[in-house]
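Right, one structure below, let's go through it.
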Amino acid sequence: MADLRSDSGFMRSFNLGLIAIVLTLFTMGVITLYSATKGPQLQGLVRQEIIFFVVGAVFGAVILFLDVQVLEKLAYPSYVACLFLLILVLMIGRVGGGSQRWIDLKIFHLQPSEIAKLAIVFTLAKYFSEDRDGASPYTLRRLALPGLLFIAPYFLLTLVQPDLGTAGIIFLISATMILFLKVHWKTLMVVGVVAAITVPVAYRFVLRDYQRDRVKTFLDPGRDAKGSGYNALQCKIAVGSGQLVGKGWLKGTQSQLNFIPEQQTDFIFSVYAEERGFFGGLILLALYAAYCVSALRIVSRSRSKFEMLLAFGCGAIVFWHMFINLGMVIGILPIVGVGLPFFSYGGSSLITFMTATAILLNVGRKKFIF
């Protein structure tokens, strides 16, 4: 009888709702990916995506059963290892689409900047959990060390690839984790003033020509409808043409006639919205909202500061990808190279999302064992 109770408690220790959400999102994503992949060069992507999902599930299962203390010990080593990979990719990385982001491992292309999202979460969770003076509000002086030592190297090494979208994600994840802590109001004011000054300077001297064109197109999509504004306009047409219930699977004219660029990666939501319509979009948003709520519940039940920050950071990874991807597709954000979690094609990104979910399940599992 004791064994039965133990087995029952073990099963209850898993957040089955979160697992169901991920499986549903991935299934919907694979179905949409099949519709988005036309031609002999793309037909194998569905099979590859399923393989990546299995690899991510196996890797996630290993993480799921590791003690959180083991994960904590791996925080700084993982940061150093990922820093090495980010430097290595600039030296020997594979170039594609004008960016040098991937390391060719023969069996697949590793994107170190995807791993960097997890590594920065681990590192910041470790650093702030060890801060003995964490009860008082964080000042700019106290945030300078983690900012310069941990966040800046990842941000800059990703930015020069160039990969503005991923660099922005790394910054947003880090900023979200810091704001989750108690930050002094004067620090927030100083950061706001500095940001207001540096944004126009960065636009003029840091962004490349095509990146500035994306910002201009965001402000005025019709300025170059056949050039820099083409992607944004075609996405809006696809989303709008889905109307309430969509045109049906494999029946989207924008996607089937290949008007949508990169429809298997950055703009896969356009394919889904055209086929499933407004109601289908609401269902997808509800699933992502349920994922984020589950993550926040796990955060609230964490037993240590490290677990709390780790879970919050992993939830932030999925949230910011979802928010930015959907925002750029419907035209409320500039277009950047950010995929939709569990939907867009990409081995490194899918494994990253699976790993983040496994960490959430690991942190949440401990609350239900006894």
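Note: F319 and F323 have parallel aromatic rings, judged against thresholds of 30 and 60 degrees for the angle between ring planes. Taking the six-membered ring where the residue is Trp, F26 and F53 present parallel rings, their angle staying beneath 30° rather than reaching 60°. Aromatic ring orientation, Y138 versus F128: perpendicular (interplanar angle above 60°, classes split at 30° and 60°).
Between D163 and R101 there is a salt bridge, since a side-chain N of the basic residue sits under 4.0 Å from a carboxylate O of the acidic one. Here K126 pairs with E72 in a salt bridge; the nearest charged N to carboxylate O distance falls below 4.0 Å.
One side chain, E275 or S35, offers a donor N or O that lies under 3.5 Å from an acceptor on the other. For the residue pair S174 / Y154, no side-chain donor-acceptor distance below 3.5 Å is found, with atom types taken as modelled. A donor-acceptor contact closer than 3.5 angstrom links the side chains of K247 and T253.
For the side-chain contact (heavy atoms from CB on, under 4.5 Å) with L309, the lone residue among L181, L124, I178, V121 that qualifies is L181. Among Y288, F267, F353, Y272, the one residue that satisfies the ring-ring contact (aromatic ring centres under 6.0 Å, His included) test with F343 is Y272.
The closest side-chain heavy-atom distance from I103 to H109 is not below 4.5 Å. With a 4.5 Å cut-off on side-chain heavy atoms, M28 and I31 do not count as touching. Counting heavy atoms from C-beta outward, Q161 and L86 have side chains that approach closer than 4.5 Å. Residues P153 and L83 meet the side-chain proximity criterion, which asks for heavy atoms closer than 4.5 Å. The side-chain heavy atoms of F278 and Q243, taken from C-beta on, include no pair separated by under 4.5 Å. Looking only at side-chain heavy atoms (C-beta outward), F122 and L74 stay at 4.5 Å or farther from each other.
A distance-only check finds a donor-acceptor pair linking the side chain of N362 to the backbone of L66 [under 3.5 Å].
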Given the rule in the side-chain contact (heavy atoms from CB on, under 4.5 Å) test, do V89 and W102 qualify, once you have shown the distances and angles that lead to the verdict? CA-CA 6 Å; V89 76; W102 302 271; 5.5 Å; no
Y127/F150 under ring pair (Phe, Tyr, Trp, His ring centres under 6.0 Å): CA gap, chis, key distance, verdict: CA-CA 10 Å; Y127 176 84; F150 300 129; 5.8 Å; yes
